[in-house]
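I have placed the structure first, in the form of structure tokens, so that the comments after it can refer back to it.
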Amino acid sequence: MSSNAFITRQIPEEGITLLKKFCQTVEMNPYDRPLTYYELLKQVKGRDAILTMLSDKIDAHLIHEAKGLKVIANYAVGYDNIDINAATEKGIVVTNTPGVLTDSTADMAWALLFSVARRIIEGDKLTRAGKFTGWAPMFLLGGDIIGRTLGIIGAGRIGTAMAMRSRGWNMKILYTTQGNRNVLLEEKFGAKRVELETLLRESDFISIHTPFSEKTKHLMSAKEFSLMKRTAYLINTARGAVIDEVALVSALRNRQIAGAGLDVYEDEPKLKPGLAELDNVVLAPHLGSATIETRTRMSIMAAESIITVLSKRKPENCVNPVVFTSWV
Ligand code: DGY
């Protein structure tokens, strides 16, 4: 059977090579930029498979237009860019890339935590600008990490990896989760599952790892910031819209919380007005999974997902397994 795949952005060669071995046609976005919605709409027509990025909006209209499409392999663990219900209705399998990016994303959350708490970016800017005039006792004082309380919002794979890394700093761990209790965290790391309000009141560092959905939209807003300690820091490597970014700007500006480290934004890649002017926030351009090794593993996983589905098998990382009930 001849099959036809489209990749919406250049990815590491390993995944492309795998796909080329299986599919008769593999085409890719030739530009060094995301495709516009209309370019994407044109490209999905007549494809058996598309390998998509988290920045591609795969909505019901596009899914409807993609006649013959069998699989959407999203090059990310999050898949809030895809209308899963529309895909499921059309019998299209959707896959993601869980597991392979857990460690790099947890590392990124820690990098942000350290950067903001120890004011590394502020110090770097100042040093480069020739404003470092010598050691001073009250210069760029940050916050301690050792022995503090770490609050994990969303203790799935990445949240768990984030919490496990806190062992080196002897931290107390609190967590919230939409799922079952995290036995590993509780039994091996002494973590305590609490209500969000308790986590907000008691944590010195809060790290967000929950997927985005209508339920988690603006989970952190003005009320939540008002419950946090004035000395606490907020880290987000999940999805921007879990935070009400306008409310965050105001909380940071008024020193209602000590600082934030962000890798993701509500209107990505745009920032809400005022955010970039604040000195108590570290801003990264969505680099959670951005290591050579992780992106290579993601490319292989996404390609293998496409090959598995086109071979009429069910991939383990399918996010809408209900489509397979109509296959038998
Ligand atoms: C994902 O895969 O969802 C992450 O946001 C990538 O950094």
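Order of appearance sets the numbers: ligands from 1, and atoms from 1 within every ligand. One-based numbering along the sequence shown.
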When only distance counts, is [X] in polar contact with ligand 1, meaning an N/O pair under 3.5 Å?
{"X": "M298", "value": "no"}
{"X": "H286", "value": "yes"}
{"X": "Y75", "value": "no"}
{"X": "G78", "value": "yes"}

Would you please say whether a donor-acceptor pair under 3.5 Å links the side chains of [X] and [Y]?
{"X": "R295", "Y": "S289", "result": "yes"}
{"X": "H218", "Y": "E224", "result": "no"}
{"X": "Q10", "Y": "Y31", "result": "no"}
{"X": "T160", "Y": "R157", "result": "no"}

Task: Any V77 heavy atom less than 4.0 Å from ligand 1 - done: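 Contact check V77 vs ligand 1: positive.
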TODO: Please state whether M108 comes within less than 4.0 angstrom of ligand 1, counting heavy atoms only.
DONE: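 So M108 does not count as touching ligand 1.
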Open item on the list: Counting the benzene-type ring for Trp, do F139 and W135 have ring centres under 6.0 Å apart?
Closed with: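 No, the ring centres sit 6.0 Å or more apart.
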- [ ] Please check if the distance between the ring centroids of F205 and W169 is under 6.0 Å.
- [x]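 That pair fails the under 6.0 Å test.
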TODO: For ligand 1, indicate whether the residue L101 contacts it via side chain, backbone, both or neither (heavy-atom separation under 4.0 Å).
DONE: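 Contact part for L101 vs ligand 1: side chain (C-beta onward).
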Task: Closest approach of any protein heavy atom to atom 3 (O) of ligand 1, naming residue and atom - done: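 Protein heavy atom at minimum distance: R239 NH2, 2.7 Å.
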